[in-house]
Protein chains: 2
Amino acid sequence: MKQTVGMGKASVTTARRPGRPVGGQLEVGREQVLDAAERVIAREGAGASIDAVAQEAGVTKPIVYDRVGGRADLADALAERLSDRMVSASAAAMATEPALTKESLTRFIEASLEVVGQHRNLFLYVTGGTTDQTALGRLTLAERSTTPMTSVLAQWRTGLGQDPDVARAWAFGIVGMLQMVSLWWLTQDERPAASVAAQISELLWHGLPGPNTPS
Amino acid sequence: MKQTVGMGKASVTTARRPGRPVGGQLEVGREQVLDAAERVIAREGAGASIDAVAQEAGVTKPIVYDRVGGRADLADALAERLSDRMVSASAAAMATEPALTKESLTRFIEASLEVVGQHRNLFLYVTGGTTDQTALGRLTLAERSTTPMTSVLAQWRTGLGQDPDVARAWAFGIVGMLQMVSLWWLTQDERPAASVAAQISELLWHGLPGPNTPS
DNA sequence: GAACGAAAGTTACCAATAGTAAGTAATCTG
DNA sequence: CAGATTACTTACTATTGGTAACTTTCGTTC
């Protein structure tokens, strides 16, 4: 009975079948719509329309609106997914050495860059603004990433005997730095991620004057 | 003969007058269209349409396309203007002390934040993506700001006997940090710009471990 | 001084797309 | 079997980016 859902574009195989038992399961859930959105965006670029997403999911537009919401909500949900991947990849990269060092920071940055490189179009979609509204999609991606970073930074600063109040501003700053560097690297720079990561790590760890100037 | 141009919305006073001498002057030039765009965006938010811009300039849509180009070009041109203002404000803030110090860095950041605060909607428009295309509007704003910064950083690093090759990556990183911090400050943080500027300056100057850890 | 042609603009349109209202089919409940 | 409920789809509206085609004016040429 269940029409083939496996790989998108199932719309041809079976006729749609509106109307289900009162307590029945939904044909296509929120997660599957988001999966479809990621596929479309990966394939066709950041300009993918809601209609294209619906078609890829094998449903019609109102379903997308029911499951996910409008375009801004879609970008928001995808931003959550992407930032979750970045956070976990970064956490994995630093797992071998939980202490924060220059080396682990470099691995953290490189891991972030690589996730962005693997989801190039998704990154552009998510950071590309939500058309009419303000650039809150970008803020969502940022906030999702800053939240864990803020607590890490605050704890670490406290351990060093430094003021932890800077943590939130620093977290936003670092995420913004990474976003812009990612965008630049993705569209203009040809070097390997490790090279860029090392340079950014150098800045974030030693500061502008560099290591020879203890100040 | 020349219809009143002074304050936008002049469309009511005089009928349009198509057709001018062969070598004649244009009724409304590119700069005036951009001025109108800034007024509309400042007044009505980042969702302003091309039509609204045209109306504000007292012309019709095709004129906007002739003078400026499409929506992406408009965002691009406005990004140039905004970044020029930021660059010159920052330069003015650092003028008293041309050497790069932590204090001048703080003033640089604060000046940037204040320009953004004065052009809130314009900043959101410019950084809010160009709808269909990739987020090149943001890159324009970034590149315009990074170009002078890159040379300053490279020179400075050379003077310190450090590797100047990091300059370009650093410049993009710093601009991205400032953009994200601006967005955060603009939409979520209530503190005065000076306070945020001091914290970011601290990070950029001393690095994550802070001043007590020369390393 | 009438015909012509180049500018400079406007009107009117097209296409894409976000979002929604109304209609329809299948199932459950009494 | 009748009505309520649910889960969709079809079909529509509205907005807006972008463009083609037409119109008006004015200098130029014969």
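Side chains are part of it too, since the values below use all heavy atoms of this structure and drop only hydrogens, waters and symmetry mates. Throughout, protein chains are lettered first and strands after them, A, B, ... in sequence-line order, and every chain is numbered starting at 1.
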Expressed as a whole number of angstroms, how long is the span from [X]:[atom1] to [N]:[atom2]?
| X | N | atom1 | atom2 | result |
| --- | --- | --- | --- | --- |
| B/Lys61 | D/dA21 | NZ | P | 17 Å |
| A/Asp66 | C/dG19 | CG | P | 14 Å |
| A/Gln55 | C/dA16 | CD | C1' | 14 Å |
| A/Asp51 | D/dT9 | CG | C1' | 13 Å |
| B/Arg71 | C/dA16 | CZ | C1' | 15 Å |

Which listed nucleotide ([options]) is nearest to the side chain of [X]?
| X | options | result |
| --- | --- | --- |
| A/Ile50 | C/dA18, C/dT11, D/dG17 | C/dA18 |
| B/Ile63 | C/dG9, C/dA18, D/dG18 | C/dG9 |
| A/Val59 | C/dT11, D/dG17, D/dT9 | D/dT9 |
| B/Ser49 | D/dT16, C/dT17, D/dT10 | D/dT16 |
| B/Pro62 | D/dC8, D/dT19, C/dG19 | D/dT19 |
| B/Tyr65 | C/dT17, D/dT10, D/dT19 | D/dT19 |

Report the residues that fulfil salt bridge (charged side-chain N to carboxylate O under 4.0 Å, His left out) with A/Glu103, sequence neighbours left out, ordered by chain and then residue number. none
Residues which pass salt bridge (charged side-chain N to carboxylate O under 4.0 Å, His left out) with B/Asp163, listed by chain and number, not counting sequence neighbours: none
Under 4.0 angstrom between B/Arg67 side-chain N/O and C/dA8 OP1 or OP2: no
Assess, by modelled atom type and distance only, whether the side chains of A/Ser112 and A/Ser90 contain a donor and an acceptor separated by less than 3.5 Å. yes
Say whether A/Arg168 and B/Gln188, considering side chains only, have a donor N or O and an acceptor N or O under 3.5 Å apart. no
